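In what follows, a single structure is set out as structure tokens and then discussed.
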Amino acid sequence: MRAARASPLLTLLVLSFLSVSFVVPRLPPRPISSQLSGFRDLSRRARGGEESGNLAVGDTVSALCPDDDQWYPGAIDKINDDGTFSVKWDDPDGGPETHDVGADGIKKIVIFKDYKVGERVEAVFPDDGYWYPGEVTKVGDGTFTVKWDDPDGGPEESELEAKEIKYPPIPFEQLEVGQKYTGTVASVLDFGAFVDIGAEGQGLLHISRISQERVENIYDVLSEGQQVDVWISGKREDEGKFGVTMVEGLTDGPRRKIDDLTPFADLSSDEWYKGVVARTAPFGAFVTVTLDDGASADGLVHVSKIKDGFVDNVDDEVSVGQEVKVRIESVDLDSNRMSLSMREGGFGAPRAPADLSAFENVEPDTWLKGKVARIAPFGAFVTVTAPDGSSADGLVHITQIRDGFVEAVEDELSAGQEVEVRVESVDADAGKMGLSMKPV
């Protein structure tokens, strides 16, 4: 078992630039004050990122250590006859120096080599191995000359390799709502995830902004180290924080007003109340509900609560200013949120989970025919037919579409496409089924 490390993710982020032996610095780190332009068009790989492609001996990689299922930096040392790769770790930390890892557990690291004269960068100072600000003054044959902002008595310039250079973090003031970035999931929590886009801080990706589909369990969709495309959804100038979304166009509006939800807290969920649609979003509609005594507050009708059956587009069902009838499903006074429903059947009671009994005993090496029902950023929902002829929907997660890295689901699958899948897992109580298109 490999020894535990304080921050595997931090190690992974540093991977593409250089693994160095740190010594006591001869001067304290100096502040970065660079101003970059056009950063929204700069791919994350220009700051060191991941790519798919054939692996070769000597490639710099991030690999999944079989001892603790964590990602660590290393290099391809050997290609084995069985198709696995011998990965030599940059820092074994008391564990084995190499491990055999399958292709699914390896991500090839890009070393950006297209720096231009005059660009602001951070680079490794040869004397102490620390990163300092400077400017590219010369481009050679595989090397770059960097002039240091503050040589502090040392050499004014150093000739460095591409792996010893990176772009500085994107300043907060240069982030604009609507800009698209490719980022890496830094951490996953129950309510959302933090995404590193190469800025001075990480952006919050709320669970409601992952997909237009309702995400029940974020851990089924996102994992640390996963590469995702996001858009800046909003900024808090006073706090220096920003949010991101995986749904293009889903940006923040004005700050939500604080309603007094106390009059709504004890109302029956069986009663219907009049409301007016205040605004719509890809994930639902916000409705202003007014009681007979004049109390008024906004609540969310989630897309799954607008009507029985699948809702493809909220705007096809309701519009701003439309009068509707809703039920109050829940009120959370602590978070100042109210959940509403417009669904009729059983007074809007949740529909029973899909009957997956026909799939519970299907062996994982049995291939079944299916058809892609719809796709999402995290995978594809496939309608699959059981051996007895019954059918149900299951999720093919993006990591289960094929061997190797899949950048975008829509590049691999489309709605209506016929596919063959295997049943990986069945949760009959929750009505969920996990599928795979990859060989056993």
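Nothing here was measured: the structure is a model prediction, and the numbers come from that model. Along the sequence shown, the residues carry numbers beginning at 1.
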Under the criterion side chain to side chain contact (heavy atoms under 4.5 Å, CB included), which of V244, I197, V195, D229 is the partner of Y181?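 Between Y181 and the candidates, side chain to side chain contact (heavy atoms under 4.5 Å, CB included) is satisfied uniquely by I197.
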Taking all heavy atoms of [X] and all of [Y], pick out the closest pair and write down the distance.
X	Y	value
V177	G234	CG2-CA, 3.9 Å
V146	G134	CG1-CA, 4.1 Å
Q226	V221	OE1-O, 3.3 Å
A428	E360	CB-OE2, 3.5 Å
E412	I401	CB-CG2, 3.9 Å

Looking only at atom types and distance, does a side-chain atom of [X] sit under 3.5 Å from a main-chain N or O of [Y], one as donor and one as acceptor?
X	Y	result
T245	R209	yes
R337	S330	no
H99	V101	no
K235	L175	yes
E119	K116	yes
N80	D82	no
T143	E159	no
E239	R236	no
Q179	E176	yes

Before you tell me yes or no, could you show the steps for C65 and Q70 under side-chain contact (heavy atoms from CB on, under 4.5 Å), namely the whole-Å CA-CA distance, both residues' side-chain angles and the distance that decides it to 0.1 Å? CA-CA 6 Å; C65 176; Q70 297 287 346; 5.6 Å; no
Check the orientation of Y132 and Y130. Use parallel for under 30°, tilted for 30 to 60°, and perpendicular for over 60°.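 Y132 vs Y130 ring planes: tilted.
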Look at the aromatic rings of F172 and F242 and report parallel, tilted or perpendicular, splitting at 30° and 60°. tilted
Could you note down all residue pairs passing salt bridge (charged side-chain N to carboxylate O under 4.0 Å, His left out) where residues 377-398 supplies at least one of them, sequence neighbours left out? R374-D393
Does some side-chain heavy atom of [Y] sit less than 4.5 Å from a side-chain heavy atom of [X]?
X	Y	value
L368	V423	yes
I76	V87	yes
E317	K307	yes
D77	V57	no
T184	E224	no
V419	L413	yes
M246	S211	no
L395	F378	yes

Could you check whether atom [atom1] of [X] has more than 12 heavy atoms from other residues, nucleotides or ligands sitting under 6.0 Å from it?
X	atom1	answer
E97	CD	no
E237	CD	yes
Q417	CD	yes

Test of understanding: with side-chain hydrogen bond (donor to acceptor under 3.5 Å, both in side chains), list the residues that count as partners of D190, not counting sequence neighbours.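 side-chain hydrogen bond (donor to acceptor under 3.5 Å, both in side chains) check on D190 returns Y219.
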Does the side chain of W148 come under 3.5 Å of the side chain of S158 through a donor N or O and an acceptor N or O?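 There is such a pair (donor and acceptor under 3.5 Å, judged by atom type) between the side chains of W148 and S158.
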Side chains of T84 and D100: do they bring a donor and an acceptor to under 3.5 Å? no
Can T182 and Q227 be said to form a side-chain contact (heavy atoms from CB on, under 4.5 Å), step by step? CA-CA 7 Å; T182 299; Q227 198 172 35; 3.5 Å; yes
Set of residues satisfying salt bridge (charged side-chain N to carboxylate O under 4.0 Å, His left out) with respect to D316, sequence neighbours excluded: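 Partners of D316 under the salt bridge (charged side-chain N to carboxylate O under 4.0 Å, His left out) test: none.
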Please name all residues satisfying salt bridge (charged side-chain N to carboxylate O under 4.0 Å, His left out) with K369, sequence neighbours left out, ordered by chain then number.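 Checked K369 against salt bridge (charged side-chain N to carboxylate O under 4.0 Å, His left out); zero matches.
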Looking at residues at least two apart in the chain, or sitting in another chain, which of them share a ring pair (Phe, Tyr, Trp, His ring centres under 6.0 Å) with F144?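 Once residues adjacent in sequence are excluded, the partners of F144 under the ring pair (Phe, Tyr, Trp, His ring centres under 6.0 Å) criterion are Y115.
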Determine all donor-acceptor pairs shorter than 3.5 Å in which one atom belongs to a side chain in residues 431-440; sequence neighbours excluded.
| from | atom 1 | to | atom 2 | distance (Å) |
| --- | --- | --- | --- | --- |
| S436 | OG | Q400 | OE1 | 2.7 |
| S436 | OG | R422 | NH2 | 3.4 |
| S436 | OG | K438 | N | 3.1 |
| K438 | NZ | D104 | OD2 | 2.9 |
| K438 | NZ | T399 | O | 3.3 |

Given the rule in the side-chain contact (heavy atoms from CB on, under 4.5 Å) test, do L300 and S339 qualify, once you have shown the distances and angles that lead to the verdict? CA-CA 5 Å; L300 172 65; S339 297; 5.7 Å; no
